[in-house]
Amino acid sequence: MAWAPIRKSTPSDRLRPNMADYALERARFSWVDARRALDGLPGGRGLNIAHEAVDRHAAGPRAAHVVLRCLGRRNASREITYGELAEATSRFANLLDTLEVGVGDRVFVLMARTAELYVAALGTLKHRSVLCPLFSAFGPEPIRQRLELGSARVLVTTPTLYRRKVAGLRDGLPGLRHVLVAGAGAAPEGTIELESALAAEPDHYEIGPTSPEDMALVHFTSGTTGTPKGAVHVHEAVVSHHATGRLALDLHPEDVFWCTADPGWVTGTSYGIISPLTHGVTSVVDEGDFDAERWYGVLERERVSVWYTAPTALRMLMAAGTDMARAHDLSALRFVASVGEPLNPEVVLWGQEALGLPIHDNWWQTETGGIMIANYASMDIRPGSMGRPLPGIDATVLRRDERGKPCIGADGAALEAQDGEEGELALRPGWPSMFRNYLDQEDRYGACFAGGWYLSGDLARRDAEGYFWFVGRGDDVIKSAGHLIGPFEVESALMEHPAVAEAGVIGKPDPISGEVVKAFVTLRPGVDATDELRLELIGFARRRLGAAVAPREIAFDQHLPHTESGKIMRRLLKARELGLPEGDISTLQEPR
Ligand code: ATP
Ligand code: MG
């Protein structure tokens, strides 16, 4: 089904978007200019993320501006200014010096979304150690694997998480020299209590010379398709974080910004910590988990103006009903964006109905470090499309051979697909937040490039106007009776049915067709899972997609497996369906 585009205009009573005209900005954009929008370290000593995010604001008129509004699980709120954050992060950097932690050493954080997490993350970057964020929901084994792979030197966590998950691992991790704990409870044996250690340190720290190529972050991928990879990022990434915050999220200095992602997922670091702070905005940090009422309450009470969230959360809000949204005053909200999974058109339009604003989908990966393709404040939205490449980003769709590899021409260049043709989404390397390696997996890194392009592993189409449409992950695409079927197309059609809240689609081996389409469907609250409904959904999908693409089988499942970052794990649905080993499930979200 074709969805009408959502036309954009700039009402005179609204803030003017940073990017008034996409084509114009694309034509004049350069990364050299984007770098000039940042200060660099005083005395030409290089480029450091923490300086751009914190110290440069603290040294100027924004010192007293609130940088973090931290909401506790029970809604207690704590405000911190740029000046205060500069001091606290300086204390943290000084503490790392006192502990003789070296430049380039790895500092892991394993804690809920609290102020201490921000202090540790930005203090680590100031010190020029390498930040490695983990989800606090991880169990001991995923934690151990990552601490080992990342050669952890320091871990910052809470007394409770330490006791429950880390204490038992300590003997096997001789390289882990220091564990700092913050939060309720006494510091367990073998750990250092963070608050008093920070109090003993000076609140000023001069950031040492930082090359833009110095390693800053190691981020583990979501583990949606297999074992997570540790993507290495450098300080220069901040140029992308700042530019994309301006162009794709339309951040203005007076915004109250809320990124709902946890820093254990790259979105929660690039856009939960770094990008908004480089713009000097106030960032809302919510320790609590998803709850529809709670989230609307946060949007209303905090007067959030720019909101960055994920499709699964939006689908849950949609399932909770439009009335719940309308019962809240969301008049401060100006721009809503989403990332992480395909965003079905239904949700884009629901946004307009329930929030008064469409949802702006954008696409990127842990590897790209920042937003690559987006729908913008000033550009018409084609619901279901990820939008167009950021200024400064050259994206294309590459033709694939029978083995699914990009076709390479005689001149060594990869062959690009025609408009409308499906192929692998690829990017021309060279933007600042591009990952520089996978930790300890040089070969795997090398395999990401061919014919002059970075290969994303995702399949997409580009239309004649340059909008990109997600088809599916290369690994998830279904081959049925000669057709190539992207799970998103089928899931999206099912989610148009009023009974369906979410769907995950896989290919199930079949002796005749190769694979047949099977859908796992989560129903909206109050809907009964009956055989009649199953048949109705199959008929509904057939009318929309045709018999060759519509699911042959539907199973009802109120608990689709998601990663900690909220993505449906289709490979797990498939493994369970076929009775195969589940593979790496370290990032599987535990039911809360
Ligand atoms: P792993 O690489 O370990 O399998 P992952 O790819 O899910 O995990 P991330 O880097 O967090 O890890 O996610 C990036 C992927 O998420 C993209 O490659 C794409 O498949 C999906 N994605 C992100 N944004 C979108 C979007 N707007 N539409 C569709 N898919 C998206
Ligand atoms: Mg990936």
Side-chain angles (χ1 to χ4, degrees), residues 133 135 142 145-146 217-231 233 244 248 261-272 308-312 314-315 337-345 347-348 359-375 381-390 395 424-427 433-435 438-439 441 444-445 447-448 454-461 467-477 486-489 491-492 504 561-572 583-589:
F135 280 107
Q145 279 171 2
R146 287 163 180 75
L217 276 148
V218 173
H219 236 297
F220 292 91
T221 60
S222 290
T224 315
T225 53
T227 301
K229 299 144 272 183
H233 289 283
T244 52
D262 190 280
W265 179 30
V266 69
T267 306
T269 302
S270 294
Y271 297 98
Y308 195 22
T309 189
T312 302
L314 290 165
R315 287 195 276 264
S338 157
V339 69
E341 271 250 291
L343 186 71
N344 47 311
V347 180
V348 178
I359 318 290
H360 297 78
D361 187 21
N362 58 54
W363 176 94
W364 58 289
Q365 311 178 299
T366 310
E367 290 84 346
T368 71
I371 302 171
M372 296 285 111
I373 296 178
N375 287 284
I381 296 178
R382 299 186 171 179
S385 158
M386 308 187 287
R388 292 154 106 184
L390 262 286
E424 178 153 7
L425 176 55
L427 305 159
S433 64
M434 167 90 184
F435 74 136
Y438 285 130
L439 216 51
Q441 290 186 305
R444 210 161 171 187
Y445 176 74
C448 294
Y454 162 70
L455 310 173
S456 71
D458 286 345
L459 302 185
R461 273 180 293 116
Y467 282 75
F468 282 73
W469 300 76
F470 185 78
V471 172
R473 292 164 178 274
D475 293 0
D476 288 342
V477 163
F488 172 45
E489 179 184 17
E491 290 162 6
S492 192
H562 288 94
T563 62
E564 274 300 340
S565 47
K567 297 157 191 272
I568 300 174
M569 294 173 93
R570 294 173 188 81
R571 69 172 161 100
L572 203 53
D584 189 313
I585 53 164
S586 61
T587 61
L588 177 66
Q589 192 178 67

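Order of appearance sets the numbers: ligands from 1, and atoms from 1 within every ligand. Source: prediction; values computed, not measured. Heavy-atom basis, side chains included; hydrogens, waters and symmetry copies ignored.
Ligand 1 lies out of reach of F220, whose nearest heavy atom is not under 4.0 Å from it. Heavy-atom distances between L343 and ligand 1 stay at or above 4.0 Å for every pair. Residue contact check for ligand 1: V339 places a non-hydrogen atom closer than 4.0 Å to it.
Of the protein's non-hydrogen atoms, the one nearest atom 2 (O) of ligand 1 is K229 NZ, 2.9 Å. Regarding atom 6 (O) of ligand 1, its nearest protein heavy-atom neighbour is R473 NH1, 3.1 Å. Nearest protein heavy-atom contact of atom 13 (O) of ligand 1 is K567 NZ, 2.8 Å. The closest protein non-hydrogen atom to atom 12 (O) of ligand 1 is S222 N, 3.2 Å.
Checking only distances, T227 never comes within under 3.5 Å of ligand 1, N or O to N or O. Taking only nitrogen or oxygen atoms, main chain and side chain alike, Q365 reaches within less than 3.5 Å of ligand 1.
Comparing G474, A261, S565, G340 against atom 21 (C) of ligand 1, the shortest heavy-atom distance belongs to G340. Counting only non-hydrogen atoms, the option in I371, D458, T224, T368 that gets closest to atom 7 (O) of ligand 1 is T224.
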I would like to know whether F220 and F135 meet ring-ring contact (aromatic ring centres under 6.0 Å, His included); could you show each step before the answer? CA-CA 10 Å; F220 292 91; F135 280 107; over 10 Å; no
